[in-house]
A.B. asks: 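Have a look at this one before I ask anything.
All ligand and atom numbering here is 1-based and tracks the order in the structure.
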Amino acid sequence: MAQWFVAKAAHPDALVFFRMGDFFEMFFSDAEAASEALDIALTYRGEHRGQPIAMCGVPAHAVDSYLARLIRRGFRVAICDQMETPEEAKRRKAPTIRREVVRVVTPGTVTEEALLDASRPAWLLALAPDGARIGAAWLDVSTGAFQTEALPLAALPALLARLDPAEVVAPEALAGDPALAPVLGLLAVAAPSSDPGARLADAYGVATLEGFGVFSGPEIAAATMAVDYVRATQAGVLPRLSPPAPQGGRGLLQMDAATRRSLEILKGERGGAKDCLLGAVDRTVTAAGARELAARLSAPLADAEAIAARHDAVGFLIDAAALRGAMRAALKGAPDMARALARLSLDRFAPRDLAAIRDGLARAGAIAAALADPAGMPPLPSLLREAASALEWQGPQPELARALAETLPARLEDGGLVAPGYDGELDALRRLRDDARGAIAALQMELAQAWGVASLKIKHHQQFGYLAELPLAAGETLLRKPPAAPHAPIHRQTMANAMRFTCTALAELDRKLSEAGDRARQRERRIAQHLRKLCLDAAGPVAASAQALAECDVHAGAAEIAAAGAWCRPELGARAEFAVTAARHPVVEAALARARGPAFVPNDCDLSAGRRLCLLTGPNMAGKSTYLRQNALLVILAQAGLFIPAEHAVLGIVDRLFSRVGASDDLAGGRSTFMVEMAETAAILNQATDRSLVVLDEVGRGTATWDGLAIAWAVLEALHDRIRCRAIFATHFHELTALAGKLPELAPATMQVREWRGSVVFQHSVAPGAAEKSWGLHVARLAGVPRGVVTRAEAVLKALEERARGLDPLSDELPLFARPAPVRQPDAAPPPVLEALAAIDPDALSPREAQEALYRLKTLLQREGPLGPAA
Ligand code: ADP
């Protein structure tokens, strides 16, 4: 227990997995938490300060699957292992086996396949605040990727949303910041490192970081925190990491957290893998390719040249169908070299990780060869040319191919990693072992004869080595009349119905065999380490090759989807244009196709100069949200470097994309739906530029009609006059279409519906103009609202419409449309204000009289009200 307390004191925020023989045990509150999380039995043993000690345990051989469950539940686990055998401890005359924490398993520092999501990066994000700015550094231990950025504190939520980190490291001071609320469960508190620049340079064995790029102070502080944290979790060992690359957010399409949520880029609201953009457009065939595609979709570019380079690659592979097919065939089943390399660098590898490098490089070579063959093809575009040169390099591949056995053991300890013929010494040891095995088979026959027991079997036992096993009766006979040397039996064990013996010859063979086995295993371990070093020495080019494979996978996948359907290469320019023809929403289109329902109706969208603001009206269920999201998604796809589901598209590069579609609330954060809506609207009005694209759904829906309409009105004006961005603004306030006459860039559009036998048919197509009706009651009926309620609503609606008739709510004055006019008796006298007003003849008034008349009217209005004292 003393050892346990030491381990726990060093890792108070982790569950301590305490190795005891074949089990990892947990104690006290750790045991209580783990037994609940893992659904395993909690027991009690011994006492501590008069209280029974709670404990539970998991078998060591199955530890990975338990770790996976705990990590997924947000736990950290400190592995406290036995550092010596009981014999070694006895030899040292120590009362207990030495135990030490060899590793802390945390969500952001794992490398095991079982603990990782193959198609997602596992970012560990470190944050170093510095006044109003913050340094951020994120690295993926499982691939070695490492990037940094310095940003304003206010931009942190957007970065968190973009990276979706597995774990966040931040100093205590930042932990309480509301920006970190969404990742609080992933937070590890760590103090900033002292002398960060030097420590970071030291980690890379360089004198200065200059060679890696230009870093700001906070970036270096954050990068060092990340590296220190990783080192601490790996008990001092640092995995292979690429040099940190400063990003500065340059050249990226900016999207905030709300926009990402609303567009469902990497995951759908309902959590379905298919219900998101990634799910709908992913045609990659490798895990690394899927990760690369996810990275591109969550951080699209804003640099026309870089985007065009990606489009060139995709376009080339659309035309080169045979090459694309060959590439995809070679990619399919290609191993994940980046992650294998990480496990090799941490010396936590299995034979299949060496095989991954061997096979990955071989596939890379095959693809390079396919790309090099120019038969009838135009010259390669730049990205494919660069990929080809990274893929060509074979480095340790031939040696790995020679060294590794055809079928590999699951674990190094199982033996059998190395192919025969690779290492003379190992072959000799194996021959010795095999000879001894042959000798044992011969001895079995010899003993069966000498001892007169035909059923004698020589078997291997964990504890005793090789023993001859006889039926009980035969054993007893043998003991009564033992043959003489060299076959004299030595009794070892009696069981219920068998006896086990050895003899000098068998013991001798057994010793030889186990010696040869030990030496072979040792030799094999050394060879494995040699092969590991071979791979690590080549880590840079191997990682480059892995990255090139991932990129080829993304380009070929994008070409595949574009070749299969009507997808086009968007024409990208610097001018703030936006004109797409016959475009579709990739996710809804795919979902409709899966459901074998009606086909998706393509729609155009033109937000070019002169009609930058589209004011979209239409009933619920007509397809407004789909249309809004569709146009935002087209920008993401285009700027991520993919083709887009449209016939034709001209897009001016978008610097920031804002999407507010679908109700969002923040119940946990204590903000109402309307509060969230307004906060999100504020973010747009404060950050959007004339290069941005904004898609907004029903601003103002969350409050009373009047405020809502007023806010929507003012927001629309601000977008039109001040921000001058491209925008689609969907609204239920049909009154807003009255603004079309006042705002020259406003183009009203509506979702078309048809009335058929008294009910509504949604056509899902967008046409110029404004909706005439809301069709709310039809939708209510469709949704199964009881007939009685709908009928009553119809009656109420009719009455309301009757009263509002004749009032043009937004001609110039503010509207009165929805508020029922107060009931007046038809014979009642007109209100005094109106009477006074009617009595005035403006043409007959001098300026002074006009002013006096105004004062009079105002006083009357205040005294009597607009409708007279009766109202
Ligand atoms: P709204 O926002 O107007 O209430 P939605 O965009 O949510 O409507 O669309 C309602 C449903 O109509 C969607 O679930 C989808 O199945 C279907 N839909 C929307 N747009 C289209 C389209 N262009 N073609 C075919 N079906 C569509």
Side-chain angles (χ1 to χ4, degrees), residues 258-259 261-264 268-270 272 274-277 279-280 565-567 580-606 614-634 637 644-649 659-664 673 677 680 694-702 708 712 727-734 736-737 748-756 759-785:
T259 298
R261 245 195 334 270
S262 126
L263 293 178
E264 305 182 308
E269 203 67 331
R270 275 156 291 153
K274 291 243 183 255
D275 298 330
C276 64
L277 181 62
W567 289 49
V580 296
T581 334
R584 285 108 53 208
H585 187 306
V587 184
V588 177
E589 182 180 39
L592 289 179
R594 269 202 309 279
R596 295 172 200 282
F600 191 88
V601 180
N603 273 308
D604 303 347
C605 182
D606 187 356
C614 168
L615 181 70
L616 183 66
T617 47
N620 281 315
M621 285 299 290
K624 293 191 302 298
S625 330
T626 305
Y627 184 68
L628 292 177
R629 288 205 183 94
Q630 161 180 321
N631 288 296
L633 292 177
L634 295 182
L637 286 175
I644 62 173
E647 236 163 51
H648 184 74
S659 169
R660 302 291 186 264
V661 183
S664 54
T673 306
E677 187 193 329
E680 293 179 349
V694 175
V695 301
L696 269 172
D697 193 13
E698 294 187 48
V699 169
R701 71 184 173 283
I728 312 175
F729 193 100
T731 186
H732 264 120
F733 299 122
H734 297 177
L736 283 179
T737 40
T750 182
M751 303 301 309
Q752 289 192 302
V753 289
R754 229 163 12 107
E755 202 167 354
W756 192 69
S759 73
V760 57
V761 180
F762 301 119
Q763 296 186 298
H764 304 303
S765 52
V766 178
E772 286 155 19
K773 290 216 245 179
S774 293
W775 296 100
L777 300 185
H778 290 271
V779 177
R781 190 178 298 122
L782 279 184
V785 173

A.B. asks: Between ligand 1 and A622, can you find any atom pair, the residue atom being a heavy atom, that is separated by under 4.0 Å?
C.D. replies: yes
A.B. asks: Can you pull out the closest protein heavy atom to atom 24 (N) of ligand 1? Residue, atom name and distance to 0.1 Å, please.
C.D. replies: V601 N, 2.8 Å
A.B. asks: Give me each pair satisfying side-chain hydrogen bond (donor to acceptor under 3.5 Å, both in side chains) with a member in residues 583-600, each pair once, sequence neighbours excluded.
C.D. replies: R584-E589
A.B. asks: Determine the minimum heavy-atom distance between T617 and A770, stating which atoms define it.
C.D. replies: OG1-CA, 3.6 Å
A.B. asks: Quick check: do L277 and L263 have side-chain heavy atoms less than 4.5 Å from each other?
C.D. replies: no
A.B. asks: If you have a sec, work out which protein heavy atom is nearest atom 15 (C) of ligand 1 and how many Å separate them, to one decimal?
C.D. replies: V588 CG1, 4.1 Å
A.B. asks: Could you list which atoms of ligand 1 come closer than 4.0 Å to a heavy atom of N620?
C.D. replies: 4 (O)
A.B. asks: I need the single residue from Q763, M621, K624 that forms a side chain to side chain contact (heavy atoms under 4.5 Å, CB included) with M751. Which is it?
C.D. replies: K624
A.B. asks: Do you know which of L628, L736, V694 makes side chain to side chain contact (heavy atoms under 4.5 Å, CB included) with F729?
C.D. replies: L736
A.B. asks: Suppose I only count heavy atoms of T626 and a 4.0 Å limit; which atoms of ligand 1 are within that range?
C.D. replies: 5 (P), 6 (O), 9 (O), 19 (C), 20 (N)
A.B. asks: Quick one: look at S765 and ligand 1, take heavy-atom pairs under 4.0 Å, and tell me if it's side chain, backbone, both or neither.
C.D. replies: neither
A.B. asks: Can you sort out the partners of D606 under side-chain hydrogen bond (donor to acceptor under 3.5 Å, both in side chains), two or more places apart, ordered by chain and number?
C.D. replies: S608
A.B. asks: Could you find the nearest protein heavy atom to atom 26 (N) of ligand 1 and give me its residue, atom name and distance?
C.D. replies: H764 CD2, 3.4 Å
A.B. asks: For ligand 1, which atoms, with element, lie under 4.0 Å from some heavy atom of G623?
C.D. replies: 1 (P), 3 (O), 5 (P), 6 (O), 8 (O), 9 (O), 19 (C), 20 (N)
A.B. asks: Need the ligand 1 atom indices (1-based, order shown) with element for anything under 4.0 Å from a heavy-atom of L592.
C.D. replies: 25 (C), 26 (N)
A.B. asks: Check P645 against L637 and note the closest heavy-atom contact, atom names and distance.
C.D. replies: CD-CD1, 3.7 Å
A.B. asks: What atoms of ligand 1 come closer than 4.0 angstrom to any heavy atom of P619?
C.D. replies: 3 (O)
